[in-house]
**Q** 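The structure's right below; bear with me while I get my questions together.
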There are 2 protein chains.
Amino acid sequence: MSLPHALLGLLSYRPATGYELKAAFEQSIHFFWNATLPQIYRTLNQMRERGWVAVTVEHQEGRPSRKVYRVTEAGREELRRWLAAPPEIPQPRDPLLVKVFFGRQADPAVLAAHLKMWRAHYAGLLRRYEEEIAPLIHHYAVLTGAREDARYWSLTLEFGRRFARMAVDWCDAALAVVMQEGKAHG
Amino acid sequence: MSLPHALLGLLSYRPATGYELKAAFEQSIHFFWNATLPQIYRTLNQMRERGWVAVTVEHQEGRPSRKVYRVTEAGREELRRWLAAPPEIPQPRDPLLVKVFFGRQADPAVLAAHLKMWRAHYAGLLRRYEEEIAPLIHHYAVLTGAREDARYWSLTLEFGRRFARMAVDWCDAALAVVMQEGKAHG
DNA sequence: ATATAATATATGCATAGTTATATATTTAAC
DNA sequence: GTTAAATATATAACTATGCATATATTATAT
């Protein structure tokens, strides 16, 4: 499980609340690891129990209190240990590919619609990478002086770009096959 | 969740035991959806409760009994319904990309070792696709006359090929960046 | 002879992840 | 004035997944 370590990583940049961590996820880690808000809160509790993070409750006039989490020295050590451990090979889980695999039993027109939906998703992701994420990385690198970090962020962005491009191309190839099928039998 | 439907799909080709389904998984679905043996047995029980599959216990002299599962008409209907429903967009979960993202805090040499391991994995997968899976699809298509199905199986194989090729190329690009980093600072 | 791998079916426990819900405030839109 | 959205922190219930383990037989290798 990478979630506690992803949170340790984000907190290593600066202390944050659970809500802020969710927002940070959405702009970065989200593209290769996701977590819901309840999951983040529960994981933060576990991390606190293990001494990886410490909490400061900031009381504010009128407003509800903010629980600000920061990494402890034990947490930094755990992050370094985890970074040095060999990463597990991810087990891909892709419902669309399952549907394509048994595609002969589906209506070719419906399958084609699925593929078009997928293509649109990855084409949109590709646009988002260029227009939103790439400038965001540059922005953070300049703003916080994290130029060294930005090089690594860009590597994961590049993976996303290549994956999305590959997915779009594959959809086009698959669509050609499926539509041929539709003409012959549908 | 795609597991019950993946099992319905496999059973739609021919009746099988839980053990045989696990073996079938390993040769096909495994590359885009995985399941452990306990998970398969439990899911088959749930599917039986829902009336999607029926069981025949084959008592064998001396040997332990085989529970052979076959799809019911309700199961076939459920499979068709699921195939027609739009597929969820998969949430990617990749621990290596998390490690790369926070790579600045790791030893460049260790990170390079991770990337080399990953590259070797995907290069091996690529070889396996060519030498094992592609001939297997051809074999099944000829043996069982499932030529129409084979066209769809090949589409998922093609996705695997493109993904693995992309992953190998990205590793090379990432390695170049990380090793540059190692020279400059390590 | 002995050990190991493959066949075959599970249960129990722990971890992980999702959905629904509860609460409370502030800000912006209509 | 009212509604909706965003900020902020959770808990409960459920679903899904993974790992360890138990049992028993047959075939193969050493």
Side-chain angles (χ1 to χ4, degrees), chain A residues 1-7 10-11 15-27 29-30 32-50 52-53 55-70 82 88-95 98, chain B residues 1-7 10-11 15-27 29-30 32-50 53 55-69 82 88-95 98:
Chain A
M1 229 260 296
S2 300
L3 183 53
H5 300 96
L7 293 173
L10 288 177
L11 289 173
T17 69
Y19 196 83
E20 286 166 348
L21 284 169
K22 173 62 178 165
F25 248 82
E26 226 97 288
Q27 290 191 331
I29 315 284
H30 170 71
F32 40 89
W33 200 279
N34 202 23
T36 58
L37 208 38
Q39 223 184 328
I40 289 173
Y41 284 120
R42 250 181 315 161
T43 304
L44 284 171
N45 276 333
Q46 288 163 14
M47 290 162 73
R48 195 187 45 195
E49 281 165 28
R50 285 175 201 181
W52 295 350
V53 291
V55 197
T56 321
V57 181
E58 287 184 7
H59 290 288
Q60 300 175 120
E61 323 126 37
R63 295 192 200 174
S65 313
R66 285 158 46 88
K67 282 194 185 175
V68 180
Y69 292 84
R70 69 198 69 241
W82 180 80
E88 315 97 84
I89 297 295
Q91 297 291 315
R93 288 176 177 277
D94 200 320
V98 180
Chain B
M1 228 258 299
S2 299
L3 183 54
H5 300 97
L7 293 173
L10 288 176
L11 289 172
T17 67
Y19 197 83
E20 287 166 348
L21 285 168
K22 172 63 178 166
F25 247 82
E26 225 97 288
Q27 289 189 332
I29 314 285
H30 170 72
F32 40 89
W33 200 279
N34 202 24
T36 58
L37 207 38
Q39 223 185 329
I40 289 173
Y41 284 119
R42 254 184 300 220
T43 304
L44 283 170
N45 277 332
Q46 288 163 14
M47 289 161 74
R48 195 187 45 197
E49 281 164 29
R50 286 176 201 183
V53 292
V55 197
T56 321
V57 181
E58 287 185 7
H59 289 289
Q60 300 174 118
E61 324 126 39
R63 293 192 201 175
S65 312
R66 282 158 48 88
K67 282 193 185 178
V68 180
Y69 291 84
W82 181 80
E88 315 97 83
I89 297 295
Q91 296 292 314
R93 288 175 179 279
D94 200 321
V98 181

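To find a chain, count down the sequence lines: A is the first, B the second, and so on, and within it residues start at 1. Computed from a predicted structure; not experimentally measured.
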**Q** Of all residues at least two apart in sequence or in a different chain, which pass the side-chain contact (heavy atoms from CB on, under 4.5 Å) check with A:P38?
**A** A:T36
**Q** Applying side-chain contact (heavy atoms from CB on, under 4.5 Å), can you list everything that pairs with B:P92, at least two apart in sequence or on another chain?
**A** none
**Q** How bent is the helix from C:dA1-D:dT30 to C:dC30-D:dG1, measuring the angle between the end axes built from five pairs each, rounded to 10°?
**A** 30°
**Q** Out of C:dT19, C:dT9, D:dT17, which nucleotide sits closest to the side chain of B:Y19?
**A** C:dT9
**Q** Which atom names give the shortest non-hydrogen contact between A:G18 and A:L44, and what distance separates them?
**A** CA-CD1, 3.8 Å
**Q** Restricting to side chain to side chain donor-acceptor pair (under 3.5 Å), what partner residues turn up for B:R50, sequence neighbours left out?
**A** none
**Q** Looking at residues at least two apart in the chain, or sitting in another chain, which of them share a salt bridge (charged side-chain N to carboxylate O under 4.0 Å, His left out) with B:K67?
**A** none
**Q** According to side chain to side chain donor-acceptor pair (under 3.5 Å), who are the partners of B:R48, at least two apart in sequence or on a separate chain?
**A** B:N45
**Q** With A:Q27, which residues qualify under side chain to side chain donor-acceptor pair (under 3.5 Å), at least two apart?
**A** none
**Q** Would you tabulate the pairs of protein nitrogen or oxygen atoms and nucleotide nitrogen or oxygen atoms of nucleotides 10-13 of chain C closer than 3.5 angstrom?
**A**
residue	atom	partner	partner atom	Å
C:dA10	OP1	B:K67	NZ	2.6
C:dA10	OP2	B:K67	NZ	3.1
C:dG12	O6	B:R42	NH2	3.2

**Q** Using side chain to side chain donor-acceptor pair (under 3.5 Å) as the criterion, list what pairs up with A:N34, not counting sequence neighbours.
**A** A:H30, B:Q91
**Q** Nearest-Å distance, CZ (A:R66) to C1' (C:dT25)?
**A** 14 Å
**Q** Figure out the CD/C1' separation between A:E88 and D:dT17, and round it to whole Å.
**A** 14 Å
**Q** I want to confirm an ordering. Mapping B:R93 and B:G18 to their closest nucleotides on DNA chain C, which one lands closer to the 5' end?
**A** B:G18
**Q** Choose from D:dT17, C:dA8, C:dT18 the nucleotide whose nearest atom is closest to any side-chain atom of B:E20.
**A** C:dA8
